[in-house]
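Note sheet for the following structure.
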Amino acid sequence: YIGINIFILFLCTAAVYATGSISGKVIDPEGGPVSKVEVRVTDVFVRGSTYTADTGTYTISGLAPGMNYRILFTPTIEKQNLLSSVVDGVTVTDGTTTIVNITLPRAGVITGKVLDDTNQPVFSARIYVYQPNNTLALKFVDTDANGIYTVYSLIPDTYTIVCIPPVDRNLRVDVRAAVFVTTNSAISIGFKLVSGGIVQGRITDKYGIPLSMIPVLITGPESRKVYTVNAGTYAVLGLKAGIYQIQPDINAIGSEYKI
């Protein structure tokens, strides 16, 4: 009977661990293969994951037979400018491979050029992209030496675009609101940053010794916070015209100081 018991155990084990696979190919709207797309198979939990090869193909094995698997396809290369996609209700059966091919849709793009008020390109300006009712930027990029920027992989939505000049340029922040992006669209948004005002000074203790790393709050038509450098100096560039109050952090320096 020993041999019979082993045979029955083998059959039970094989039945419990029978699995299937999901395989397929990911392409772009022009039919080209898309590499480095993350592919995840889930039900309640993640059951398997991989990345597409250079040919756009993928295979996830060792999946328990069942229905209603969800497959998530997430591009990982921004400049491919493709949107994530989901396929629901995928069935896997014992010892077979289920084929799931997919074409990823093109995302939207915002591109443009940043100039100063003398029409010269602004290098290293930072472009922030915000979705409605969200105070955290969805994406950000910096302009190149020609003042050009491109933001890829945007889902259809209405965005606010904020252009922040480099910290060493006396230029004002500029904003574009209600920028509507659709699938497979390229929106051009240019910026011309105008010169602003400057508030600068020096903070010392009562003996005239410069104080570094002191927080300084500038409030008025707009508010900024900066820190003094080793010489006790501070400077705020790109301010809107108006009257400002300057207040160092007394807790950091004590009550006796000079500005």
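Since we're looking at a predicted model, the values are computed, not measured.
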Ion pair check, Arg172 and Asp174, cut-off under 4.0 Å =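 Salt bridge between Arg172 and Asp174, a charged N being under 4.0 Å from a carboxylate O: no.
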
Are the side chains of [Y] and [X] in contact, using a 4.5 Å heavy-atom criterion?
| X | Y | result |
| --- | --- | --- |
| Leu72 | Val39 | no |
| Gln200 | Val236 | no |
| Glu222 | Tyr244 | yes |
| Arg40 | Ile71 | no |
| Val179 | Thr158 | no |
| Ile22 | Thr97 | no |
| Phe123 | Asn146 | no |

message = Determine whether Phe73 and Tyr58 satisfy the following criterion, ring pair (Phe, Tyr, Trp, His ring centres under 6.0 Å), listing intermediate values before the conclusion.
response = CA-CA 11 Å; Phe73 299 89; Tyr58 71 93; 5.8 Å; yes

task = Report, as yes or no, whether the 6.0 Å neighbourhood of atom CD on Glu30 holds more than 12 heavy atoms from other residues, nucleotides or ligands.
result =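 Atom CD in Glu30 is packed in, count exceeds 12.
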
inquiry  = Could you check whether atom CD1 of Ile99 has more than 12 heavy atoms from other residues, nucleotides or ligands sitting under 6.0 Å from it?
reply    = yes

Grab the two heavy atoms, one from [X] and one from [Y], that are nearest each other, plus how far apart they are.
| X | Y | result |
| --- | --- | --- |
| Pro105 | Thr183 | CB-CG2, 4.3 Å |
| Leu237 | Val167 | CD2-O, 4.1 Å |
| Thr143 | Val114 | CG2-CG2, 3.7 Å |

key: Interatomic distance, Ile110 atom CD1 to Lys139 atom NZ [nearest 0.5 angstrom]   =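 Ile110 atom CD1 to Lys139 atom NZ measures 10.5 Å (nearest 0.5 Å).
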
ask   = Quick one: which of Thr118, Asp116, Asp117 gives a side-chain hydrogen bond (donor to acceptor under 3.5 Å, both in side chains) with Ser195?
value = Asp117

ask   = Do Ile187 and Ile155 belong to the same hydrophobic cluster, where Ile, Leu, Val, Met, Phe, Trp and Tyr are linked whenever their side-chain heavy atoms lie under 4.5 Å apart, directly or via other members?
value =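 Per the 4.5 Å side-chain linkage, Ile187 and Ile155 are co-clustered.
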
request  = Would you tell me whether Thr57 and Thr55 have side-chain atoms, one donor and one acceptor, within less than 3.5 Å of each other?
outcome  =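 Per modelled atom types, Thr57 and Thr55 side chains form a pair under 3.5 Å.
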
